[in-house]
Undergrad: 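Next up is a structure, given as structure tokens.
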Amino acid sequence: MLVLVAASEAAPANHAGSNLDLATVDRFVKTQLEKHRIAGLALAITRDDQVVHVLGYGRSRDGEPVTERTQFRLASLSKSFTALAVLQLVEAGQIELDTAV
């Protein structure tokens with residue numbers, strides 16, 4: 001399982017995906033699949049609340065081509081997403097970590 005999340009403060013806020021070079025993204029993903037021996041992955045690129053690009057690479061566990069609809073097991077990865085969401089709420093001042101529950 002590979003999950004990549006990246007953000008850039010320097011990215012223009014105007015048109016979503018206006019400077020996205022899909023050929024470069026495609027080459028990078030294919031190189032990483034081969035380098036790390038990853039069978040397949042589904043990629044989604046977003047900017048703010050807009051999905052800019054989705055694409056599947058490689059094959060699933062049962063040999064089917066990966067698409068943007070292929071389901072993957074997340075295992076304990078959801079714990080990291082939950083922790084991130086909680087810390088974002090703390091940063092926004094909506095909750096406190098030290099409050100008794």
Side-chain angles (χ1 to χ4, degrees):
M1 163 82 45
L2 170 72
V3 174
L4 173 65
V5 178
S8 171
E9 295 296 325
N14 53 8
H15 182 266
S18 62
N19 63 345
L20 182 61
D21 181 353
L22 295 179
T24 299
V25 170
D26 192 54
R27 280 191 306 274
F28 173 79
V29 171
K30 288 178 179 178
T31 299
Q32 297 307 308
L33 284 173
E34 186 174 320
K35 179 179 178 181
H36 298 286
R37 304 174 99 196
I38 299 169
L41 66 87
L43 171 72
I45 299 174
T46 63
R47 174 154 307 157
D48 299 321
D49 63 349
Q50 298 295 311
V51 176
V52 179
H53 180 68
V54 292
L55 189 62
Y57 293 87
R59 301 223 168 249
S60 68
R61 182 179 292 243
D62 48 349
E64 295 296 318
V66 173
T67 71
E68 68 274 7
R69 300 229 182 259
T70 301
Q71 295 183 7
F72 293 91
R73 295 179 188 205
L74 291 179
S76 291
L77 191 61
S78 61
K79 294 173 188 171
S80 299
F81 288 116
T82 302
L84 173 65
V86 168
L87 292 176
Q88 287 175 328
L89 290 171
V90 170
E91 188 176 64
Q94 296 179 351
I95 63 172
E96 294 180 16
L97 287 179
D98 298 328
T99 302
V101 290

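Sequential numbering from 1 along the given sequence is applied to the chain's residues.
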Undergrad: Is the count of non-hydrogen atoms from other residues, nucleotides or ligands lying under 6.0 Å from D62 atom CG greater than 12?
TA: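 Atom CG in D62 is packed in, count exceeds 12.
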
Undergrad: So, using side-chain contact (heavy atoms from CB on, under 4.5 Å) as the criterion, who are the partners of V51 when residues are at least two apart?
TA: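 Testing V51 for side-chain contact (heavy atoms from CB on, under 4.5 Å), a comparison that skips the adjacent residues, returns T46, V54.
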
Undergrad: Once rounded to the nearest 0.5 Å, what's the spacing between atom CZ of R59 and atom OG1 of T70?
TA: 10.5 Å

Undergrad: Share the residues that join I95 in a hydrophobic cluster, the rule being Ile, Leu, Val, Met, Phe, Trp or Tyr side chains under 4.5 Å apart at the heavy-atom level.
TA: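 Under the 4.5 Å side-chain rule, I95 groups with V86, L87, L89, V90, L97.
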
Undergrad: Side chain to side chain contact (heavy atoms under 4.5 Å, CB included) with V29: which of T31, L33, D26?
TA: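 Among the candidates, only L33 passes.
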
Undergrad: Does some side-chain heavy atom of T67 sit less than 4.5 Å from a side-chain heavy atom of R69?
TA: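 When only atoms from C-beta onward are counted, T67 and R69 do touch, with a gap below 4.5 Å.
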
Undergrad: Taking all atoms of both residues into account, what is the closest heavy-atom pair of F72 and G40, and its distance?
TA: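 The pair with the smallest heavy-atom distance is CE2-O, 4.0 Å.
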
Undergrad: Hey, could you give me the CG/CZ distance between L43 and F28, rounded to the nearest 0.5 Å?
TA: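 Result: 10.0 Å between the selected atoms.
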
Undergrad: Is there a side-chain contact between L55 and V25, using heavy atoms and a 4.5 Å cut-off?
TA: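 Counting from C-beta outward, L55 and V25 never come under 4.5 Å.
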
Undergrad: What distance separates H53 NE2 from L22 CG, expressed to the nearest 0.5 Å?
TA: 4.5 Å

Undergrad: Show your working on side chain to side chain contact (heavy atoms under 4.5 Å, CB included) between Y57 and I38 and close with a plain yes or no.
TA: CA-CA 10 Å; Y57 293 87; I38 299 169; over 6 Å; no

Undergrad: Got a sec, which residues hit side-chain hydrogen bond (donor to acceptor under 3.5 Å, both in side chains) with T24, two or more places apart in sequence or on another chain?
TA: D21, R27

